Protein chains: 2
Amino acid sequence: MGNKALDKRILSDALARRLPAYYRHVCIMLAEGKQTITSGELEKRIGNTSAQVRQDFFTCGGVENYHPDTLKEWLSGLLGIKKEHHMIVIGAGNLGRAIISFKDFNSDGFFIDAVFDNNLMFDGMQICGIPILNVTSLEDYLAANKVDIVVITTPANVAEEILEKSIKGGVKGVWNFAPVDLRSNDKIEVQNVHLSDSLLTLSFRINEKEFWKNQI
Amino acid sequence: MGNKALDKRILSDALARRLPAYYRHVCIMLAEGKQTITSGELEKRIGNTSAQVRQDFFTCGGVENYHPDTLKEWLSGLLGIKKEHHMIVIGAGNLGRAIISFKDFNSDGFFIDAVFDNNLMFDGMQICGIPILNVTSLEDYLAANKVDIVVITTPANVAEEILEKSIKGGVKGVWNFAPVDLRSNDKIEVQNVHLSDSLLTLSFRINEKEFWKNQI
DNA sequence: ACCAAAATGTGAAAAATGTATCATTTTCGC
DNA sequence: GCGAAAATGATACATTTTTCACATTTTGGT
C-alpha cells in the first residue's frame, strides 16, 4: 500500500488547512452543476498545483473517483462533517454575535445551542433565537448537555479558564478567538484564530514589498 | 554576510505568521515589566522551540539585543506598525461591525475611517462613530482619500469586484473575510481569513483523533 | 574583575513539504 | 468499440523548513 495516512497518524497542518478549501470548491462546483471535477480544475480555482491536489488526496487515502458527489462525500467524511456538531459560544460581544449570526455552518451540521456571558444584563435574552446564559452555569451546562465544540470570544484573561472547564466537561474541540495561544493536547483539539495576528501578517507583507521596491 | 533575508526577498509564510505572535508576546512581557526576554522564554509562551525563535530573528536580519523595548521596536519595524494605516470596511453586517468595534488595532496604528454597504437603510448612520457610506461611492472615496487596507466582509459574489476597485484605487492590501480565495499580486497584498475553513480544520482534527482511537 | 553558567548567532544536518515524472487508467470523439 | 488525448496514482527528486550543534558572547554572583 505504502500510503502515508496509515503510518503517520497525523496529517500535516499544511494539508489540514487545504482540505476545507477543497471541500468548499467542490461544493461550489456541485452547485454549479459540474459533472466532473479534475485536479487541474481545482488547481485553477485554489491556486496550488494539480500535482499537490493529487498528492493530498493520495496522502488522505485516495478517493474512488472525481465525481462531485463522490468527492464531496469523501471530503465530508475526512472533515467529520457528516456528524452533527453541537457548539456553544462563550462571550456575547460583537464577535460572538457575528459568529452566531453566521448561517454558513448550519448546512454542514454545526449547531450553536447556547451563548454564555458574564454580563447579568443579558440574562434571559436571546441572540438569533439562541438563549444567553450566565457563564457561572457553564460547568452545569457541560455536565448536562453534549457539547462538541466551545467557541471562545472572551477577553484573553479568562480564555485559559474556559479551556480547563471545557476539558473537564468532555468537550472535543475549542475554537479560540481570544488573543492567547491555547494548546491542543490529547484531551482536546484547539484551533486558535488570532484576527489581529492576521492583520499584522498582512501589514508585514505590505511593508516587505515596499522595502524591496526602495532597494532596487 | 550570508543572511537569507537579503537574497530571498520574500520571507516564508510560516515565518510571516509567527512574527505577529512574537510581537504580541513581547508586548505582553513589556507590560508585565520584564527587564529581559530570552528566546527560551518565548519558547515557553508560544510553543515553538527557542532555536526557531533565534533562527527566525536571524532570518529577519537579526536584532541588536533582547531588551523588551528593543525587540518591540524591531518587530514593529518589520511588521510596519510604526506607520499609520488607514482602513475601510466593506460590509456593515455582523462581522463588519465586530471588526469595527475591535479596539485592539488602534494602539498599533490601524484606523478605520469609513464603512461601506449597499443597504440604503444604513445611509447616514454610524457605527462606533464611523460613518456608513453607500458602496456606490467607493471609487470616489478611494480616489479622494488615502486608504492602505480594505477589509472585505461582504458575501462571496462581490468580493472579486471590490478587489478590482481596491487595486484601481491604489490600495496596498486587502483583508478578506469573504469565502473566496483572492490572490495577491504585485499590485496588492491579500490576506484571506476563511473562518469557516478554520472551523472545518478543527473538525478534521477532532475527527482524525477519534478515527485513530478506534483503530487501536 | 573573574569565573561559571546561560544565552545567542550561525552553519550544517535532518525532517518535512512540495514538484516533476511517468506508467497506468480513464475519458471522449469518431 | 477503438485509439488518441487527458487525467490519475505513485514514486523519485528538489526545495523548503526546522532542528541540531557548537563557538562566541553575554549575564550574574562572589
Side-chain angles (χ1 to χ4, degrees), chain A residues 1-19 21-22 25-26 29 34-71 74-75 78 201 204-205 208, chain B residues 1-19 21-22 25-26 29 34-71 74-75 78 181 183 201 204-205 208:
Chain A
M1 265 268 197
N3 191 309
K4 292 179 198 171
L6 297 176
D7 42 292
K8 281 197 61 172
R9 305 188 56 149
I10 290 181
L11 301 183
S12 74
D13 277 342
L15 172 50
R17 254 184 272 115
R18 285 193 294 266
L19 284 177
Y22 293 143
H25 283 277
V26 165
M29 288 174 171
K34 279 245 185 305
Q35 291 304 306
T36 320
I37 294 175
T38 65
S39 56
E41 206 159 355
L42 285 167
E43 161 175 319
K44 273 184 227 142
R45 301 208 178 209
I46 300 183
N48 44 13
T49 67
S50 67
Q52 181 163 67
V53 175
R54 293 199 304 277
Q55 181 72 29
D56 283 348
F57 289 4
F58 174 63
T59 306
C60 291
V63 60
E64 264 184 77
N65 62 62
Y66 280 62
H67 292 290
D69 326 85
T70 314
L71 267 174
W74 179 69
L75 287 165
L78 281 173
T201 299
F204 167 71
R205 288 294 187 205
E208 177 188 43
Chain B
M1 265 268 200
N3 190 310
K4 293 178 197 171
L6 298 176
D7 41 291
K8 281 199 63 174
R9 307 188 55 148
I10 290 181
L11 301 183
S12 75
D13 277 342
L15 173 50
R17 254 184 272 113
R18 285 193 295 267
L19 285 176
Y22 294 144
H25 284 276
V26 165
M29 288 174 172
K34 279 245 185 305
Q35 292 303 306
T36 320
I37 293 175
T38 65
S39 56
E41 208 159 354
L42 284 167
E43 162 175 319
K44 273 184 226 142
R45 300 208 178 210
I46 302 182
N48 45 13
T49 68
S50 67
Q52 182 162 66
V53 174
R54 294 198 303 276
Q55 182 73 43
D56 283 349
F57 288 5
F58 175 61
T59 307
C60 291
V63 60
E64 264 183 77
N65 62 62
Y66 280 62
H67 292 288
D69 326 85
T70 314
L71 266 174
W74 179 69
L75 288 166
L78 282 174
D181 298 288
R183 313 238 179 119
T201 300
F204 167 71
R205 288 295 187 203
E208 176 188 44

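Please read these numbers as outputs of a predicted model, since none were measured by experiment. Residue numbers begin at 1 in each chain, while the letters A, B, ... track the order of the sequences.
The two atoms that bring A/N48 and A/Y22 nearest to each other are ND2-OH, 3.5 Å, heavy atoms only. Of all heavy-atom pairs spanning B/H67 and B/Q35, the tightest one is ND1-O, 3.4 Å. The two residues A/A16 and B/R205 have their closest heavy-atom pair at CB-NH2, 3.6 Å. Considering every non-hydrogen atom in both B/P68 and B/K34, the closest pair reads CG-O, 3.2 Å. A/G47 approaches B/R183 most closely through the heavy-atom pair N-NH2, 3.6 Å. In terms of heavy-atom proximity, B/C60 sits nearest to B/L15 at SG-CD2, 4.0 Å.
Ion pair A/E41/A/K44 not flagged as a salt bridge, since none of the NZ, NE, NH1 or NH2 atoms sits closer than 4.0 Å to an Asp/Glu carboxylate oxygen.
When side chains are defined from C-beta on, B/E208 counts as touching A/I10, because their heavy atoms get closer than 4.5 Å.
With C/dT17, C/dG11, C/dA20 as the candidates, the nucleotide lying closest to the side chain of A/A51 is C/dA20.
Using cut-offs of 30° and 60° for the angle between ring planes, the A/Y66 and A/F57 rings count as tilted.
The separation between B/L11 atom CG and D/dT16 atom P is 13 Å, rounded to whole Å. The nearest whole Å value for the distance from the CD atom in B/Q55 to the P atom in C/dA15 is 17 Å. For B/D56 and C/dT10, the CG to C1' distance is 14 Å, given to the nearest whole Å.
Checking the phosphate oxygens (OP1, OP2) of D/dT19, a side-chain nitrogen or oxygen of B/T49 falls inside 4.0 Å. Considering only side-chain N and O atoms, A/Q52 lies under 4.0 angstrom from the phosphate OP1 or OP2 of C/dG18.
Mapping B/A14 and B/T36 onto DNA chain D by nearest heavy atom places B/A14 closer to the 5' end of the strand. Residue whose closest nucleotide on DNA chain C sits further toward the 5' end, between A/H67 and A/L15: A/L15.
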Measure all distances between protein nitrogen or oxygen atoms and nitrogen or oxygen atoms of nucleotides 5-9 of chain C, and list the pairs falling under 3.5 Å.
unit_1 : atom_1 : unit_2 : atom_2 : d
C/dT8  : OP1    : B/S39  : N      : 3.1
C/dT8  : OP2    : B/S39  : N      : 3.3
C/dT8  : OP2    : B/S39  : OG     : 2.3
C/dG9  : OP2    : B/Y66  : OH     : 2.8
C/dG9  : N7     : B/R54  : NE     : 3.1
C/dG9  : O6     : B/R54  : NH2    : 3.2

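Summary for the helix from C/dA1-D/dT30 to C/dC30-D/dG1: the axes at its two ends, each from 5 pairs, differ by 40° when rounded to the nearest 10 degrees.
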